[in-house]
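Everything on this sheet refers to the single structure shown next.
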Amino acid sequence: MSNRKQELHLLCVGGARPNFMKLAPLLRALRADSRFHPLLVHTGQHYDHQMSGAFFRDLGLPDPDFYLGVGSGSHAQQTAEILKSFEPVVLDSRPDAVLVVGDVNSTLGCALVAAKLCVPVIHVEAGLRSFDRTMPEEINRVLTDAIADLLLVSEPSGLANLQREGVDLARARLVGNLMIDSLRRHREQAREQRMAKHLGLAPGSYGVVTLHRPANVDAPESLQGILAALLTIAADLPLVFPVHPRTRAKLPPAGALDGARLRLLDPLSYIEFLSLMADAAAVFTDSGGIQEETTVLGIPCFTLRDNTERPVTVEQGTNVLAGTTKDSILAAWREHGLRRPGARTPDLWDGESAQRCVRAITQRYLQDG
Ligand code: UD1
């Protein structure tokens, strides 16, 4: 590549909860190399303390250099706010590249601003595809990858998907999973947190639930079917459910669900959740990242979706696609239970992904790369 630089000024963007555990190890690795000058931009897509501030604290993230305060809204409103508020930041700070992670609206919004200003976009977690365009994240993934200059990929399916879409693989690198860097770094701290004990639960005696995907929680019929399945499973295995704010707004009134066998909690911080998940017998979730974390922890995962953009967690890890209806979830629970024969950790999910990202960025943009 021409115009290689001696040093690199980078804007690194995060906005929503799952972005922060990917940015923390990467910023740490970039800051340790004097050729990089990373600045952190928080769009403010997530703003509650439990959705954002507690994650910064747990992960040791520095205060953001720029806070855009975009807040909630419809997809169009939120993305428009991101576009409007990020453009002046790029114009003023004139970075050599903008780095975005994951698949949230902040990822796409900031990538679009950068690409239109001819600033190269680096996309971490590129290439993942659910092939379900009703998911807002799938739109964000496809579009971000289409305008990214350097594509850093977490699992082999990502490279295959990018190749199929005509991306020159010279611009893509399999770097492993940054979220697992954070998990490995904080595993011991999470063990010491003893969340299960604080909740009066014995390790291995309960399941954990998370649920926030619009397709699952926004339509009352879907949510009711999932809750009915969970209440049945709770008769076998008590469940603990830290509730995302989107979901909280859709659940029946307080007290109607909450009981000894299905306990609702406020959202947890990173360390608290990692502690609770690591001691669980099983996890029931519609999150993307939790499919990966359970695979590394060896905890059986039931993904409450019909597809996953993270197929390695099913092919190699502990993940099972359980669908989203009462019948499909209960059928998966009865078929698989707590057994996951042959599950293993995917290659390069070893806690060293940040170093690989830094090497890939060096090779593409720096003179001695
Ligand atoms: C977003 C991401 C999703 C990611 C999830 C993790 C998109 C399209 N979706 O979904 O990929 O898995 O974050 O949590 O970017 N709210 C609060 N406090 C907050 C943030 C949100 O109360 O700090 C409430 C608001 O009512 C808001 C709703 O949650 O309208 C949804 O927030 P939003 O950022 O739009 O999407 P998420 O569902 O969190």
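Just so you know, ligand 1 is whichever comes first in the structure, and atom 1 is the first atom listed for that ligand.
The protein non-hydrogen atom at the shortest distance from atom 11 (O) of ligand 1 is Glu137 OE2, 2.6 Å. Among all non-hydrogen protein atoms, the one lying nearest atom 34 (O) of ligand 1 is Gln45 NE2, 3.1 Å. The nearest protein atom to atom 18 (N) of ligand 1, hydrogens excluded, is given as Asp48 OD2, 3.0 Å; this is a heavy-atom distance. The shortest contact between atom 2 (C) of ligand 1 and any protein heavy atom is with Val104 CG1, 3.6 Å. Looking from atom 27 (C) of ligand 1 to the surrounding protein, the closest heavy atom is Ser72 OG, 3.2 Å. Here the protein heavy atom with the shortest distance to atom 16 (N) of ligand 1 is Tyr47 OH, 3.6 Å.
The heavy atom nearest to atom 24 (C) of ligand 1, considering only Ala249, Gly289, Ser287, Pro245, is found in Pro245. Ranked by closest heavy atom to atom 4 (C) of ligand 1, the top entry among Arg17, His212, Gln77, Met135 is His212.
Between Thr295 and Arg344, the closest heavy-atom pair is CG2-O, 4.0 Å. Nearest heavy-atom pair across Val121 and Ile147 is CB-O, 4.1 Å. Gly109 and Leu83 make their closest contact through O-CD2, 3.3 Å (heavy atoms, listed as atom of the first residue, atom of the second, distance). Scanning both residues, Gln291 and Thr294, for their nearest heavy atoms gives O-OG1, 3.1 Å.
Geometrically, Arg359 does not engage Phe36 in a cation-pi contact defined by less than 6.0 Å to the ring centre and at most 45° from the axis.
Of the charged side-chain nitrogens involved, at least one lies within less than 4.0 Å of a carboxylate oxygen, so that Glu125 and Arg310 count as a salt-bridged pair.
Within the listing of ligand 1, atoms 34 (O), 35 (O) sit less than 4.0 angstrom from a heavy atom of Gln78. The contact set between ligand 1 and His75, taken as ligand atoms under 4.0 Å from a residue heavy atom, comprises 8 (C). The Asn105 neighbourhood of ligand 1 comprises atoms 7 (C), 8 (C), 15 (O), with distances under 4.0 Å to a heavy atom of that residue.
Leu108 CG to Thr144 OG1: the interatomic distance, rounded to the nearest 0.5 Å, is 4.5 Å. From Ile122, atom CD1 reaches atom CG of Leu10 across 5.0 Å, with rounding to the nearest 0.5 Å.
Proximity of Arg248 to ligand 1 is not established, as no heavy-atom distance is less than 4.0 Å.
Side chains of Asn319 and Thr303: a donor-acceptor N/O pair is present below 3.5 angstrom, by distance only. Side-chain N/O atoms of Ser106 and Gln45 include a donor and acceptor closer than 3.5 Å.
Counting heavy atoms closer than 4.0 Å to ligand 1, residue His46 contributes atoms from both its backbone and its side chain. Contact annotation: for Pro18 versus ligand 1, heavy atoms closer than 4.0 Å belong to the side chain alone. Here Arg246 has heavy atoms under 4.0 Å from ligand 1 in both its backbone and its side chain.
Here His42 and Phe56 bring their ring centres to under 6.0 angstrom of each other.
By the 3.5 Å distance cut-off applied to N or O atoms, Asn140 is not counted among the residues near ligand 1. For Arg213, no nitrogen or oxygen atom sits less than 3.5 Å from a nitrogen or oxygen atom of ligand 1, counting backbone and side chain alike.
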